[in-house]
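Note sheet for the following structure.
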Amino acid sequence: MDKPRKGEIRKPTRTLSGITPVAVMLPPRKCNHGMCVYCPSMDVPQSYTPRSPVVMRAKRVGYDSYKQVCARIKSFQVMNHPTDKIEIIIMGGTFLEYPEKFKNEFVKGIYDGLNGKKSKTLKQAQKMNETAKHRCVAFCIETRPDVCVEFIEQMRNWGVTRVELGVQIPDDKIYKKVKRGHSVRDVINATRVLKNAGFKVGYHIMFGLPGSSLKKDYKLFKRLFSLSSFRPDQLKLYPCQVMPNSEIENWYWKGKYKPYTKQETKKILIAVLKIIPRYCRVMRIMREIPPQYIIAGTQRIDLRKEIESELREKNLKLKEIRYREIGFAINRGEVDNNLRLKITKYRASEGTEYFLEVVNSDDILFGLCRLRIFHKNAIIRELHVYGPALRLGQEGIISQHRGLGKWLMGEAEKIAQKKGVKELKIISGIGVREYYKKLGYRLDKTYMVKSL
Ligand code: SF4
C-alpha cells in the first residue's frame, strides 16, 4: 500500500459515522450449547474463517487484546483517520461464556491498549481512559439471547454500551432445526432487560435458513417492528451461506439445503429495507467472508452499495438511520444546514421510547438521542452526533461540536421532567463521562446521573 498523502484519509467510510471502530477478536473456543448448523468450524474464532482480515491480525499477536488494540490504532493513524473516539467491538464466539479471569483480563487489556500503558487494575485503566488520547466512547459485545441477562452488571462494569444478539430469524421451529439452542422468548427477555439497563440493542438477522423461505423470512422480519417486544435499535443483515465444516455443508451436498441465490438475497434485502423504521440503523449488510470459504450462496460483499444506488436512482428513500446520516450525504453534494428537531415516540419492550433526531428539510440526520421511560425510570441509551470523526475539540466542517448534543440532551431532559421522572440516567462509554460532567451529570456506580 502507498503511503497516504498529507490529509488523505484511506477508506473514509470507516469513520464517517463519527467514531473509529476497533474490532478485537477472541481466541477460538466452542460455544457451550453446541454448534449451530450453519456455523463453520475451522480452528479459528467461532463463525470466522482463517483468511478474515480481523482474524489474521489477531492471530499475529496471539489474540492478545492489548496488542490488537495498539496495532489497530496505529494502522488507523497511518491511514490518517482520527483515533480520539474509539468504539470497541469484541468478536468471535460467545465472549460471556469464557472463564471469568480471562474475560476481565481481556477487557482490561483493551483499555490498557487504548491508554498505551498497562494499569494495575481494570478500574484504574478505565479512570485513565476518561481523559486519555484514545477514549472508549462505545463498547460492544456480541452474544446469544440466552447468554446475557445474568451478565448485565458485569457488562456495565466493563463499560459496555451496546449488545448485539444473534437473533437470526425469530421462529422456534427454525431455531430447533438450525440447533440454535434458545427460543424466541429468550430474545424477547434479553431485549427488554438490556434496554431497561440502557444498552443499545442490535440484532444479527440471517435470511434463507433451513426451514425458511422468502415469504416466511419477510413475514417473520416484519414482526421485529410490528411487535413491541422486539424493535431493535440496530441490525446486521446476512444471508445464510454454506461454509466449510458446517453441518449444512453436508445437507447441501446431499441436496437437502439450498441457500438463496444473489437475486433472491437482493429481493429479500430490498423488501425488508423498505419497512425498517427511522429509529433503527442497519449497521451492515453481508458478512466479509473471503470467497474461497463460500461453498454456496451469494459472494457479493458489496451488495448494499448496489441496492442503495438502485434505490436512489428510482428516487426511493429509506428511513433507516445509516441511509440518512450526514456523513454519507456530504459526499453526494450540497447539504441544507437548517436543522429542526423531530421526535418519534413508540412502545418497546414494556417501556416508551422517545427517539429524538436533528434533521434538515431533506431528512438528513445530524444527531440523535434515545430516551427510554419505564415505570418512572428514565435512561438515555444513546446520544450520537454524526459527521466525519473529527478530533476531539476540533471545530468541524459539519455537525460535531456545534452544540447538537447539548440540544438533544436538553430536549430529552424536558420530556423526562414532563413525565414526572426525578432522575435521568445515561449509559455512557468510559471516554464520554467527561462530556456529561460538563452537562451537570455525576458518576453513580456505572451510570452518569442528574437530578431533574
Ligand atoms: S452461537 Fe454463533 S458462534 Fe456459536 S455456534 Fe452458533 S453461530 Fe456459531
Side-chain angles (χ1 to χ4, degrees), residues 23-52 54-55 58-59 63 89-99 102-103 106 140-151 155 162-187 189-191 194 201-212 217 232 234-252 257 259-260 283-284 286-290 293-297:
V24 191
M25 188 57 80
L26 289 163
R29 182 185 183 276
K30 296 252 177 288
C31 288
N32 289 356
H33 78 289
M35 285 286 279
C36 305
V37 298
Y38 49 84
C39 193
S41 189
M42 288 184 264
D43 198 27
V44 284
Q46 206 60 50
S47 94
Y48 284 84
T49 67
R51 296 240 151 252
S52 303
V54 57
V55 173
K59 225 174 163 181
Y63 297 99
I89 174 155
I90 299 183
M91 301 172 119
T94 308
F95 177 60
L96 297 174
E97 288 179 343
Y98 281 62
F102 170 86
K103 286 190 283 188
F106 198 79
C140 172
I141 284 182
E142 302 179 334
T143 189
R144 297 165 45 80
D146 57 336
V147 185
C148 96
V149 170
E150 68 272 37
F151 295 102
M155 287 195 282
R162 173 158 68 98
V163 175
E164 291 185 5
L165 299 172
V167 170
Q168 321 311 347
I169 204 79
D171 182 85
D172 282 331
K173 272 196 195 143
I174 297 177
Y175 283 161
K176 203 163 170 209
K177 191 156 191 154
V178 302
K179 304 188 179 163
R180 278 294 297 173
H182 68 76
S183 64
V184 177
R185 183 96 339 247
D186 291 322
V187 177
N189 282 341
T191 304
L194 286 168
V201 180
Y203 284 0
H204 291 192
I205 298 297
M206 197 175 264
F207 298 115
L209 281 166
S212 201
D217 275 346
Q234 303 180 334
L235 291 170
K236 288 186 178 168
L237 306 174
Y238 313 124
C240 183
Q241 290 150 306
V242 179
M243 291 173 68
N245 302 334
S246 63
E247 200 171 335
I248 51 166
E249 187 194 355
N250 292 331
W251 298 1
Y252 173 72
Y257 172 70
Y260 286 165
M283 309 287 280
R284 170 175 270 282
M286 306 298 293
R287 293 187 61 198
E288 262 181 45
I289 301 169
Y293 294 106
I294 301 180
I295 291 170

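Atoms within a ligand are numbered from 1 in the order they appear, just like the ligands themselves. Keep in mind that what you see is a predicted model, and the values were worked out from it rather than measured.
The salt bridge (Lys or Arg N to Asp or Glu O under 4.0 Å) check on R180 picks up nothing, with sequence neighbours excluded. For Y98, the ring-ring contact (aromatic ring centres under 6.0 Å, His included) criterion is met by F102, not counting sequence neighbours. In terms of the salt bridge (Lys or Arg N to Asp or Glu O under 4.0 Å) criterion, residue partners of E247 (sequence neighbours excluded) are, by chain and number, K179.
A donor-acceptor pair under 3.5 Å is formed between the side chain of D217 and the backbone N or O of G208. Between the side chain of Y175 and the backbone N or O of V167 there is at least one donor-acceptor pair closer than 3.5 Å.
One side chain, Q234 or R162, offers a donor N or O that lies under 3.5 Å from an acceptor on the other.
A salt bridge links R144 with D146: the closest approach of a Lys/Arg side-chain nitrogen to an acidic carboxylate oxygen falls below 4.0 angstrom.
Taking a cut-off of 2.8 Å, the protein N, O or S atoms nearer than that to atom 4 (Fe) of ligand 1 are C31 SG.
Every atom of ligand 1 with a heavy atom of Y38 under 4.0 Å away is listed here by number and element: 7 (S).
The shortest contact between atom 2 (Fe) of ligand 1 and any protein heavy atom is with R180 NH1, 4.1 Å.
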